[in-house]
Number of protein chains: 2
Amino acid sequence: MKVAEPTIERLVQYYRLLTQLKEEGRRVISSQEIGEMLGLKASQVRKDLSYFGEIGKRGVGYHVDRLHDHVSKILSHPNVWRIGLVGVGRLGEALLGHKSLRSDKFGIEAVFDVDPNKVGKMIEGVPCFHVDDMPKILKEKKIEIIILTVPAQAAQQAVDKAVASGVVRGILSFATAPLVVPPDVLVYGVDIAAELEKLLFYLKSSTSKE
Amino acid sequence: MKVAEPTIERLVQYYRLLTQLKEEGRRVISSQEIGEMLGLKASQVRKDLSYFGEIGKRGVGYHVDRLHDHVSKILSHPNVWRIGLVGVGRLGEALLGHKSLRSDKFGIEAVFDVDPNKVGKMIEGVPCFHVDDMPKILKEKKIEIIILTVPAQAAQQAVDKAVASGVVRGILSFATAPLVVPPDVLVYGVDIAAELEKLLFYLKSSTSKE
DNA sequence: TCAATATTGTTCATGGAGGCACAAAGATGA
DNA sequence: TCATCTTTGTGCCTCCATGAACAATATTGA
């Protein structure tokens, strides 16, 4: 069963919204309303939600609790993912403490750096190891996911050491560098500078219009 | 002239690669090679690059310097953008110091927070003001772009104050919250948690296959 | 000079995502 | 009970991005 990437992204949004609605005690909601709150067309919402089976009630809408459970199950993982964070610069540390990355569905089990002032210490309650020890530590701790927050020049080298462990299956990279990985390793990149450039490009274009 | 969003994103990648090639003294490169280095099909590269006019030489390839200039011009801005950063938490501070956001094409002119310990001080060489003073300060400093790094609950309120200035035209948001803005304000969102969830979802799916 | 080779620019087809519109199904009220 | 109204689920159409194939152009070597 293959699901489109934009759909997954929206499912995460639905999940957040539903969690909030649940807290507010809301019982039922329509695709129309969901769409308005998230800036989507109602038909888009319905298509996304019906993708995993009929879950709404025609003439009524979606039962908030039931839909929340449903989306939760779609996004749920069979196990708790164990994550390693590579590069404890300011961005890495910010992510370590970030609410979004505190969840019971995954946890950051180790961080890695090359700075001797950091290696061996606990950072935000997580032990810090040397990047060179990644193959060993990742295997020991059964870490399958890597969050990469190192400078661009160091990115490929760090990735090579990580995949050398043989246990890493996914990488979330914040480095603005193209990464080469074995075909069975999945890479997602968040390119902050590129996002800003895109924004600026379209702003420039729209300047002439208005 | 309208350009597709994925194309812009790749142009940024081309630009980075070309800058590097230039430093290495490389004179000429083919679409094939560019594609291999960035993980793209050669035909894709050619289509992107020819979109803004014929710039390569058939039978030869692309002249690195010339192509670099060309892409640079496409991505260039008529003026230096003035940016404000809202929310000086750890993520905000990390971005302030991040290399990717140091450029001669834009600059962060002010930061905003509600914390009295920060307001009035200089942070990373940038003056910090209270969020409530945004309308005034943004207008004074002619800031057209906002980078939003506040908690989700505070996001909409902060955006409302920012757009109230009347000068803000674009927002790069790191908050995991849907934002309502006037139609003439452009919003790009970077949703870190959603990216991670996507990665985990596809890893889960591929577990059964292998 | 001309054949062989290399590489771009472009056309065309394929697939996929979004959105409209309508049928199906449940609710409501007389 | 039945007509009307609401809201979902889905078929269909359109648009856009990708990728393959080919024609056009430049280089090279004999």
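Below, chain A is the first sequence line, B the second, and so on; all start at residue 1.
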Just checking, is any N or O donor in the side chain of [X] or [Y] under 3.5 Å from an acceptor N or O on the other one?
X: A/Glu36; Y: A/Gln32; result: yes
X: A/Tyr202; Y: A/Glu197; result: no
X: B/Glu33; Y: B/Tyr62; result: no

What nucleic acid atoms does [X] come within less than 4.0 Å of, heavy atoms only: base, sugar-phosphate, or nothing?
X: B/Ser30; answer: sugar-phosphate
X: B/Ser31; answer: sugar-phosphate
X: B/Ile55; answer: sugar-phosphate

Among B/Leu85, B/Ile137, B/Asp133, whose side-chain contact (heavy atoms from CB on, under 4.5 Å) with B/Phe112 holds?
B/Ile137

Find the distance [X]:[atom1] to [N]:[atom2] and express it as a whole number of Å.
X: A/His63; N: D/dT7; atom1: NE2; atom2: P; value: 16 Å
X: B/Arg46; N: D/dA21; atom1: CZ; atom2: P; value: 12 Å
X: A/Ile34; N: D/dT7; atom1: CD1; atom2: P; value: 12 Å
X: A/Asp48; N: D/dT10; atom1: CG; atom2: P; value: 13 Å
X: B/Glu9; N: D/dA17; atom1: CD; atom2: P; value: 13 Å
X: A/Leu49; N: D/dT7; atom1: CG; atom2: P; value: 15 Å
X: B/Leu40; N: D/dG19; atom1: CG; atom2: P; value: 8 Å
X: A/Glu54; N: D/dT8; atom1: CD; atom2: P; value: 12 Å

Nearest heavy-atom neighbours spanning B/Trp81 and B/Glu144:
CZ3-OE1, 3.3 Å

Between B/Glu109 and B/Lys141, is there a salt bridge with N-O shorter than 4.0 Å?
no

Salt bridge B/Lys198-B/Glu195, side-chain N to carboxylate O under 4.0 Å:
yes

Polar side-chain contact B/Lys47-D/dG19 base: donor and acceptor under 3.5 Å
yes

Quick check on [N]: is either OP1 or OP2 less than 4.0 Å from any side-chain nitrogen or oxygen of [X]?
X: B/Arg10; N: D/dT18; value: yes
X: A/Tyr51; N: D/dT8; value: no
X: A/Ser50; N: D/dT8; value: no

Students should find that the nucleotides of DNA chain C closing off the region near chain A, any atom under 4.0 angstrom from a heavy atom, are C/dG16 to C/dA27

Choose from D/dA23, D/dT7, D/dA20 the nucleotide whose nearest atom is closest to any side-chain atom of B/Arg58.
D/dA23

Closest-nucleotide ordering on DNA chain C, the 5'-leading residue of A/Lys57 and B/Ser43
B/Ser43

